[in-house]
Amino acid sequence: MSIKPARTRIAPSPTGHMHLGTARTALYDYLLAKKTGGQFILRIEDTDLKRTVPGAEQEIMDGLLWLGLEYDEGPDLGGKYGPYRQTERREIYTQHAKILIDSGHAYPCFCMPEKLEKTRQAQMKRKENPHYDGTCRVLAPDEAAKRMANGEAYIVRFKMPKEGVTVARDHLRGDIITENKQLNDYVLLKSDGLPTYHLAAIVDDHEMQITHVLRGSEWLGTFPLHVNIVRAFGWEEPIWIHLSVFLKPSGKGKMSKRETAAAIKDGYSIFIKDMQELGFTPEGVLNWSALMGWGVAEDEVMTVDQMIERFNIDSLTASPAAINFQKLDHFNATHIRLFTTEDLAARLKPYFTREGLNVNDEVLLKIIPLIRERLVTLDDCLAFGTFFFREDVTPNPEDLIAKGLDAKQSAQIAQRVYQILAEQPDISHERCESPLRAYVEESGFNVNQVFGILRVAITGQKVSPPLFESMEIIGREKCLQRIKNAIEILEKMFNK
RNA sequence: GCCCCCAUCGUCUAGUGGCCCAGGACGAAGCCCUCUCAAGGCUUAAACCGGGAUUCGAAUUCCCGUGGGGGCACCA
């Protein structure tokens, strides 16, 4: 890889929620920039006024911030090559369109959209490829100039070479050769005066001195066009890297609205904002998405710093990758286990607070080692930790009855356990375990029965962190109270 | 319909002509550990899309099929 500092950019359109694909491209951009000591830039491609949605730009910036992919230049930060919002760069594009017209690489087109639509229909009917018929391409320059001067509405089209081939080099696929006759006279400047992607992206990437263009493979179709535009300007080309798309989990096609909705029902999403809310961590999401399209031989679990260390554009892959949410779970859980206790506590606290619980920081710190390896997503802490912060618990009466026993026997066990624990000077793990195990021995019941009743009594649930450690944290008073409560519940069951 | 891209276990991938009867990870199965659930340890099953060609030798190069994906807008 080149050791020259790379300038990379993520250039999303603010047309909807920020999704996984944007995040991964941004990650690679970021890794490449950091690896080479270069810069990573955010540019907002908002030239389609009709599709721009309010708030989308903010969501992108928030998403990048949450992921920790800090950009060096952007609409909110400014920078040497600004502005970084395309609607604010209008003049730059009109100037460049003019340069292309003057050099004979582009021309004004006065054709009306309705007329264009008609020819397109006719072409399709004749089973031809839909393409611009070239009416205005052959207009004499002075006539075109006259009509422009008369104030006639026009757009600007790129004058594609009709003959020969275009050789465009993608870093992952090598030379892509396209016959020029397959290419259209694409629109560069729209009637609202704003550029299309084709002009805007090419001009900006050059003006902003982008060295590596990482983008989705959906741009492969117009890639030859872009290369032709760069060459028409006489500019040096960046290194082009077209990243494969993400396929839905079945591997058949891109994520559609339907799959997206289905995923959310299962607690997954391809939208960054959702993932954050679903309890996924930036570390997990980044590690997971990094490895869809980037192959490392071993040691797949990486922090961002380790990724920077190991990143290499040569080891990116060109084939589409099916999304695998189980693997997201794995990476998320693994990174959670890597967090320091303090860090995890800080991330977990909001989940408890949101439930209206009064979180004692000391207790929170103590329960972390107990619940850490049980969390897949951060919000799982609720399932494992809520009972630590409640005054009392309300077990399901059925759950208090141990397997193979009835309510009366279970109550007897609870009684005895209460006595044993009440005799202890404190309720520490060391103190309580052996007398209880001794009771299990002599009583003839099994551990699961006895500890099961105790677990439900103390935690209110059948699945919980380790019992004795939990009791110690909850404290003697509360534990005894909860057992007493359980006994009452059981007694009510066989007395009625 | 036309154009382009891609093709290794179910999935993500390692592999750049011999180190590969193909390695890792997720998931699955089994065993161990165990107070539940996890985590952890060990083990197992699981792939080079098909056919030609080049070569002493091909998962790796080339061609043809097939399959999959993407694109054919005054959207990005």
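Note on naming: letters A, B, ... go to the chains in the order of the sequence lines (proteins, then strands), and numbering restarts at 1 for each one. Excluded from the calculations below are hydrogen atoms, water molecules and symmetry mates; all remaining heavy atoms, backbone and side chain alike, are included.
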Treat primed atoms plus P, OP1 and OP2 as sugar-phosphate and everything else as base, then score nucleotides 31-39 of chain B 5' to 3': B for base contact with protein heavy atoms under 4.0 Å, S for sugar-phosphate contact only, - for none. ----BBBBS
More than 12 foreign heavy atoms under 6.0 Å from OH of Tyr439(A): is that the case here? yes
Between Phe451(A) and Phe468(A), is the ring centroid distance below 6.0 Å? yes
What's the gap between C63(B) and A58(B) when it is taken at their C1' atoms, as a whole Å value? 15 Å
Which is true for Gly216(A) with a 4.0 Å heavy-atom rule: it touches a base, it touches only sugar-phosphate, or it touches nothing? nothing
Between protein and nucleotides 5-10 of chain B, what N or O pairs are separated by less than 3.5 Å?
| from | atom 1 | to | atom 2 | distance (Å) |
| --- | --- | --- | --- | --- |
| C5(B) | O2' | Arg173(A) | NH1 | 2.8 |

Look at atom CD of Glu309(A) and say whether more than 12 heavy atoms of other residues, nucleotides or ligands are closer to it than 6.0 Å. no
Tyr268(A)-Asp329(A) side chain donor-acceptor pair, cut-off 3.5 Å: yes
Atom C1', compared across G24(B) and C32(B): separation rounded to whole Å: 23 Å
Cation-pi check, Arg137(A) onto Tyr132(A) ring (under 6.0 Å, within 45° of axis): no
Same-atom distance (C1') from C35(B) to A45(B), integer angstrom: 33 Å
Quick one: which protein N/O atoms are closer than 3.5 Å to N/O atoms of nucleotides 71-76 of chain B? Pair and distance per line, please.
| from | atom 1 | to | atom 2 | distance (Å) |
| --- | --- | --- | --- | --- |
| G71(B) | OP1 | Lys254(A) | NZ | 3.2 |
| C74(B) | O2 | Ser191(A) | N | 2.7 |
| C74(B) | O2 | Ser191(A) | OG | 2.7 |
| C74(B) | N3 | Ser191(A) | OG | 3.4 |
| C74(B) | N4 | Cys111(A) | O | 3.4 |
| C75(B) | OP2 | Lys190(A) | NZ | 3.4 |
| C75(B) | O2' | Asp48(A) | OD2 | 2.6 |
| C75(B) | O2' | Arg51(A) | NE | 3.2 |
| C75(B) | O2' | Arg51(A) | NH2 | 3.2 |
| C75(B) | O2 | Arg51(A) | NH2 | 3.4 |
| A76(B) | OP1 | Thr47(A) | OG1 | 2.8 |
| A76(B) | OP1 | Lys190(A) | NZ | 2.8 |
| A76(B) | OP2 | Tyr197(A) | N | 3.2 |
| A76(B) | O4' | Arg51(A) | NH2 | 3.4 |
| A76(B) | O3' | Ser13(A) | OG | 2.6 |
| A76(B) | O3' | Glu45(A) | OE1 | 3.4 |
| A76(B) | O2' | Ser13(A) | OG | 2.8 |

Below 6.0 angstrom between ring centroids: does that apply to Tyr197(A) and Trp219(A)? yes
Using the P atom as the point on both nucleotides, what is the distance between U44(B) and C49(B), in whole Å? 25 Å
Using the P atom on both, measure G68(B) against C9(B) and round to a whole Å. 16 Å
Checking contacts here: which listed nucleotide (C3(B), G69(B), G24(B)) is nearest the side-chain heavy atoms of Glu300(A)? G24(B)
Report the base-pairing partner of A39(B) (Watson-Crick or G-U wobble, both distances below 3.5 angstrom), or none. none
Under the criterion side chain to side chain contact (heavy atoms under 4.5 Å, CB included), which of Asp29(A), Ile239(A), Ile10(A) is the partner of Leu214(A)? Asp29(A)
If the C1' atom of G51(B) is compared with that of A14(B), how far apart are they to the nearest Å? 27 Å
In whole angstrom, give me the gap between the P atoms of C21(B) and A59(B). 10 Å
Please confirm whether the shortest side-chain N or O distance from Thr317(A) to OP1 or OP2 of U13(B) is below 4.0 Å. yes
Using the P atom on both, measure U11(B) against A28(B) and round to a whole Å. 16 Å
